[in-house]
Asker: 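So that we are looking at the same thing, I have put the structure below in structure tokens.
In what follows, chains are A, B, ... by sequence order, proteins preceding strands, each numbered from 1.
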2 protein chains.
Amino acid sequence: MLILFEPGVCQVDVATGRLKGATNRYVKTFRDLAGLYRDESAYQALIATRGDDVAYEVTDYKPSANGGDIIIGVTRMEPGKIGDEYFMTRGHIHARPNRPEMYYGEAGVGVMLLESPHGEIRTIEMRARTMCYVPPFWIHRSVNVGLEPLVMTFSYPADAGQDYDVIAKAGGMRTVLSMTGTVDGPQSITPVIQGDTHRL
Amino acid sequence: MLILFEPGVCQVDVATGRLKGATNRYVKTFRDLAGLYRDESAYQALIATRGDDVAYEVTDYKPSANGGDIIIGVTRMEPGKIGDEYFMTRGHIHARPNRPEMYYGEAGVGVMLLESPHGEIRTIEMRARTMCYVPPFWIHRSVNVGLEPLVMTFSYPADAGQDYDVIAKAGGMRTVLSMTGTVDGPQSITPVIQGDTHRL
């Protein structure tokens with residue numbers, strides 16, 4: 001029997017970084033991000049005052065988990081740094097690694113940090129109206145290198161799923177993005193961002 | 001062997017209604033839309049002066065046609081009317097009908113007109129930041145009910161394909177959107193749009 005879904009209508013609220021009409025909300029506080037940053041003492045200092053603050057959140061519309069369907073939504077990240085690293089998401093690869101994702105800049109200045117299975121690195125500058133296609137098999141992480149919240153919309157296959165442990169198991173991505181620094185191990189690449197937006 | 005794609009980076013130019021970095025461009029002139037509008041004489045009058053003008057165009061980024069991949073892009077439609085019908089796309093259902101689509105308002109005022117296999121009609125008002133999920137199996141058509149170009153971004157499964165003949169074969173969608181009118185056969189539903197934007 002043909003199962004018909006009703007059309008979905010949502011509103012992207014760029015100011016709050018949320019999707020009105022979302023079916024799910026996913027939140028990470030700073031406390032949830034233990035082990036993510038290189039500078040443990042700077043991380044502990046932040047936790048002492050902002051541990052339960054929301055570091056980033058996702059609100060999305062998920063009609064199903066069916067193969068061939070899509071999930072659409074909004075992600076919002078706080079601006080800031082821990083040591084010389086910008087605030088970032090834990091990053092993930094899709095549980096079905098051959099599933100891509102589209103990120104679309106709404107506000108703020110960010111970098112989409114991608115790492116291939118061969119350890120190759122790509123950094124893609126995200127601003128309003130930038131559309132980034134994350135291909136299948138690439139680990140991807142969002143980094144807020146600006147002074148304002150980073151807000152992006154996204155779309156990806158509904159059966160993709162997320163594997164968040166892949167990076168932790170690998171001892172972290174091989175690249176961190178810091179304000180300054182040269183390519184060393186682990187590499188730290190300063191994103192080439194026009195203007196001074198990433199000077200805190 | 002693992003085939004890795006490179007990440008894609010595009011820029012949505014809302015003013016021109018185009019995707020910079022697109023891999024494809026698809027254009028429909030008014031002359032291409034013969035038979036689409038009820039008022040044939042009004043159509044012929046328009047053709048006489050604007051036949052080769054672009055009625056609507058699509059620029060998109062298509063990494064592949066693989067199942068599980070996605071296509072992302074921008075669509076731009078001229079504003080205007082032919083008889084009492086607003087400019088509209090031919091509309092389509094996906095060649096793989098169980099594939100959905102996401103449309104996302106960028107500029108202008110439009111209506112996403114959907115028709116189910118059972119002939120049920122849904123009209124969804126599209127404005128900047130409105131995110132519309134077109135579910136699987138629904139025929140869908142964009143209608144520009146505003147005074148400015150209607151610009152939307154979109155994302156859909158790369159293996160969806162399009163069947164543009166389904167509507168023509170059915171003698172047209174059962175609904176047209178006109179400035180005024182009551183539900184008659186074919187139904188004409190005036191979209192409830194705040195403000196006077198659709199008075200030409």
Asker: Which bit of A:A160 is near chain B, if near means a heavy-atom gap under 4.5 Å: side chain, backbone, both or neither?
Answerer: neither
Asker: Measure distances from B:R99 to the heavy atoms of chain A and classify the residue's part below 4.5 Å as side chain, backbone, both or neither.
Answerer: both
Asker: Nearest heavy-atom pair of B:M88 and B:Y56: which atoms, and what distance?
Answerer: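 Minimum heavy-atom contact is O-CE2, 3.7 Å.
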Asker: Could you look at A:Y61 and say if it's the side chain, the backbone, both or neither that has a heavy atom under 4.5 Å from chain B?
Answerer: side chain
Asker: Tell me, out of B:S116, B:P117, B:P136, who's got the most heavy-atom pairs with chain A below 4.5 Å.
Answerer: B:P117
Asker: Classify the ring geometry of B:F154 against B:Y103: parallel below 30°, tilted from 30° to 60°, perpendicular beyond 60°.
Answerer: tilted
Asker: Measure A:I70 against the heavy atoms of chain B and call it side chain, backbone, both or neither at under 4.5 Å.
Answerer: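 For A:I70, backbone and side chain are both near chain B.
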Asker: Check B:D84 with B:R38, please: is the shortest side-chain N to carboxylate O separation under 4.0 Å?
Answerer: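 Yes.
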Asker: Go through the atoms of A:V9 and report whether side chain, backbone, both or neither lie under 4.5 Å from a heavy atom of chain B.
Answerer: both
Asker: Apply side-chain hydrogen bond (donor to acceptor under 3.5 Å, both in side chains) to A:S142 and A:N144, showing your working.
Answerer: CA-CA 7 Å; A:S142 311; A:N144 186 349; over 6 Å; no
Asker: So does B:T153 get a backbone contact from the side chain of B:T75, meaning a donor-acceptor N/O pair under 3.5 Å?
Answerer: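 Such a contact is absent between B:T75 side chain and B:T153 backbone.
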Asker: Are side-chain N/O atoms of A:Q162 and A:Y156 paired as donor and acceptor at under 3.5 Å?
Answerer: yes
Asker: Hey, which of A:I124, A:L4, A:V134 has the most heavy atom pairs under 4.5 Å with chain B?
Answerer: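 Maximum pair count with chain B is reached by A:L4.
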Asker: In terms of heavy-atom proximity below 4.5 Å to chain B, should A:E6 be classed as side chain, backbone, both, or neither?
Answerer: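 Contact with chain B is through both the backbone and side chain of A:E6.
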Asker: Classify the angle between the aromatic ring planes of B:H94 and B:H140 as parallel (below 30°), tilted (30 to 60°) or perpendicular (above 60°).
Answerer: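 Perpendicular.
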Asker: With chain B as the partner, which of A:P157, A:P7, A:A128, A:S155 has the greatest number of non-hydrogen pairs under 4.5 Å?
Answerer: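 The answer is A:P7.
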